[in-house]
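In each ligand, atom 1 is the first atom listed, and ligand 1 is the first ligand listed. Hydrogens, waters and symmetry mates play no part in the numbers below; they use all other heavy atoms, side chains included.
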Amino acid sequence: MKNLNGKKILLIICGGIAAYKSLEIIRLLRKNGSSVKTILTKNAKNFITPLSVTSLSQEKVYTDLFNSDNESEMDHISLSRWSDLILIAPATANALSKISYGLSDDLASTVIFASDKKIFIAPAMNVRMWEHQSNKENLKKLIDFGHEIIGPEIGEMACGEYGMGKMSEPKTVINHINDYFKKLENNKKFKALVTAGPTHEYIDPVRFISNKSSGKQGYEIARSLYENGFDTTLISGPTNLNKIKGVNLIKVKSADEMLEATLNSLPTDVAIFSAAVADFKVKNKEKEKIKKEKISEISLERNTDILRHVSNHNSLRPKLVIGFAAETNSLKNNSLKKLSEKNCDWIIANDISKSDIGFESDFNKVSIFYKNNSEENLPKMRKSNLANKIVNRIISQLN
Ligand code: CTP
């Protein structure tokens, strides 16, 4: 497990009988070259002692939200920033519920809330709790947030019952984490380009033609690519979204600027064209603000189709070109037409006639049409989760 060497793992141990397994996790992580800092929840201390954790990790154990040793140090921020990854093992039903609602009433939950790191969760609970509708809803939310769930497994429980809910064995947990770092290392060789957001086509210095795109789906794809190790460039039209840490952001306004920035950013291994590029620009853009009496009609001319231009480019075409299709009707026919006419490898199509998905929403429901005639219809999900699913498919394809 050489990918664990030199990694910094923040382990959060919650109060469940499986807490004894976390001691073995610390031992295995350290044996494979990782540094481990640990947070024990109040209830975890009923199952294992801070002394045994310190002895194995060779680090101070953190338990309290307010640090009385060093008042200027905010552990909930510094611990998360220190780590390469956060592992919650065992994660109790209560912990899953708190994370899914963003509660932060102790150090462990506050660290998770304030975290900017990948979070792995190894649940452990009684089978009835695992199968409870409320736990299922919490889990769904956590997966939507982009957290990775390890296990649980089926087996005999400490309470004597049998079923799903046993925490995965320490070796399985460690393997998952090792595979994650291996994937990051492997993907470092890949370059990705994403276009996102609308474009503004100016009529005069203050007026423009645009569309309803928020850019959220493209930003989420760029975030997921970066989190999976890709060298990622995001070319974004005007949006209200924040810059994503680690992603090379190029801001543009018009379709012409987006085209130029795209060509300057190639070659890449994969390009995802999620931007809602205006199909037309204004023919004779005025330098001064036009007086309303003088506006009678606006002449338009076609913008270059950036996706089509790139996917037909002899030398600059990425190995994998992915287009989007926003449709209000005949989703499949229109998407298949775009797939072939724009010469792309996949088209990700969303039905924008529904107001709760697509434009501006945090949710999306798409179908993916592949060049080899296959198609996938994905259920409605958070854009962040969809982005992870798209990126997983990109990784499989590039490998
Ligand atoms: N696209 C592009 N450059 C353009 C127009 C579209 O790169 N000038 C890309 C979009 O980023 C998207 C795909 O083409 O990946 C499809 O965009 P869409 O607006 O759905 O289709 P259009 O080709 O514009 O056709 P129509 O508006 O007629 O549906």
Side-chain angles (χ1 to χ4, degrees), residues 192-202 208-222 225 232-239 241 250-266 268 270-283 300-313 316-318 320-354 357-360 364-371 375 383 386-387 390-391 393-394:
L193 178 151
V194 183
T195 69
T199 61
H200 287 180
E201 306 301 329
Y202 277 84
F208 55 77
I209 301 171
S210 189
N211 58 62
K212 278 169 62 175
S213 169
S214 64
K216 282 179 189 169
Q217 188 63 74
Y219 272 61
E220 286 297 342
I221 292 172
L225 284 163
T232 308
T233 297
L234 171 64
I235 301 171
S236 171
T239 72
L241 304 173
I250 304 175
K251 286 185 176 178
V252 296
K253 288 203 175 86
S254 66
D256 281 342
E257 286 172 19
M258 189 172 273
L259 172 66
E260 193 190 336
T262 301
L263 295 176
N264 287 339
S265 304
L266 294 171
T268 59
V270 55
I272 302 115
F273 294 89
S274 72
V277 187
D279 291 314
F280 295 93
K281 63 184 163 198
V282 176
K283 215 170 184 175
L300 301 173
E301 63 182 321
R302 288 291 288 267
N303 273 322
T304 302
D305 188 316
I306 306 170
L307 166 59
R308 190 191 291 246
H309 183 79
V310 170
S311 64
N312 287 303
H313 204 288
L316 290 178
R317 188 191 198 280
L320 183 57
V321 175
I322 302 172
F324 270 71
E327 307 291 345
T328 52
N329 60 305
S330 309
L331 185 86
K332 184 166 178 174
N333 283 346
N334 286 335
S335 303
L336 290 178
K337 207 165 150 232
K338 279 178 190 166
L339 181 73
S340 95
E341 283 178 355
K342 299 202 186 200
N343 186 30
C344 29
D345 300 297
W346 314 352
I347 281 281
I348 301 176
N350 53 349
D351 180 351
I352 51 166
S353 65
K354 315 248 180 349
I357 52 169
F359 280 139
E360 291 168 338
N364 215 346
K365 183 174 180 300
V366 304
S367 298
I368 309 181
F369 297 95
Y370 297 94
K371 208 177 186 172
E375 79 178 69
K383 285 182 174 171
L386 177 62
I390 292 169
V391 171
R393 283 160 178 73
I394 292 172

Gap between atom CD of Glu375 and atom CD1 of Ile368 - 0.5 Å precision: 10.5 Å
Side-chain (Gln217) to main-chain (Lys383) donor-acceptor, under 3.5 angstrom: yes
Distance-only N or O hit between ligand 1 and Ala326, under 3.5 Å: yes
Residue and atom name of the nearest protein heavy atom (relative to atom 29 (O) of ligand 1), distance in Å to one decimal: Lys338 NZ, 2.9 Å
Flag, side chain of Ser210 to backbone of His200, donor-acceptor distance under 3.5 Å: no
Donor-acceptor under 3.5 Å (Asn350 side chain, Lys365 main chain): no
Nitrogen or oxygen atoms of Ala275 and ligand 1 under 3.5 Å apart: yes
Per-atom contacts, ligand 1 versus Lys342 - under 4.0 Å to a heavy atom: 1 (N), 6 (C), 9 (C), 13 (C), 14 (O), 16 (C), 17 (O), 21 (O), 22 (P), 23 (O)
Nearest-option assignment for atom 7 (O) of ligand 1, heavy atoms, candidates Asp279, Leu307, Ile272: Leu307
Check: Tyr202/Ser254 side-chain N/O donor and acceptor closer than 3.5 Å: no
Check: Asn211 side chain, Ala278 main-chain N or O, donor-acceptor pair, under 3.5 Å: no
For Gly323, the ligand 1 atoms whose distance to one of its heavy atoms is below 4.0 Å: 15 (O)
Heavy atom of protein inside 4.0 Å of atom 19 (O) of ligand 1, strictly below: no
Heteroatom proximity flag, Asn303 to ligand 1, N/O under 3.5 Å: no
Exercise check, heavy-atom protein proximity under 4.0 Å to atom 27 (O) of ligand 1: yes
Nitrogen or oxygen of Phe324 less than 3.5 angstrom from that of ligand 1: yes
Polar atom proximity, Ile306 to ligand 1 (N or O, under 3.5 Å): yes
Side chain Arg317, main chain Ser311, donor-acceptor under 3.5 Å: yes
Set of residues satisfying side-chain contact (heavy atoms from CB on, under 4.5 Å) with respect to His309, sequence neighbours excluded: Leu259, Leu263, Thr304, His313
N or O pair under 3.5 Å between Glu327 and ligand 1: no
Heteroatom proximity flag, Thr304 to ligand 1, N/O under 3.5 Å: yes
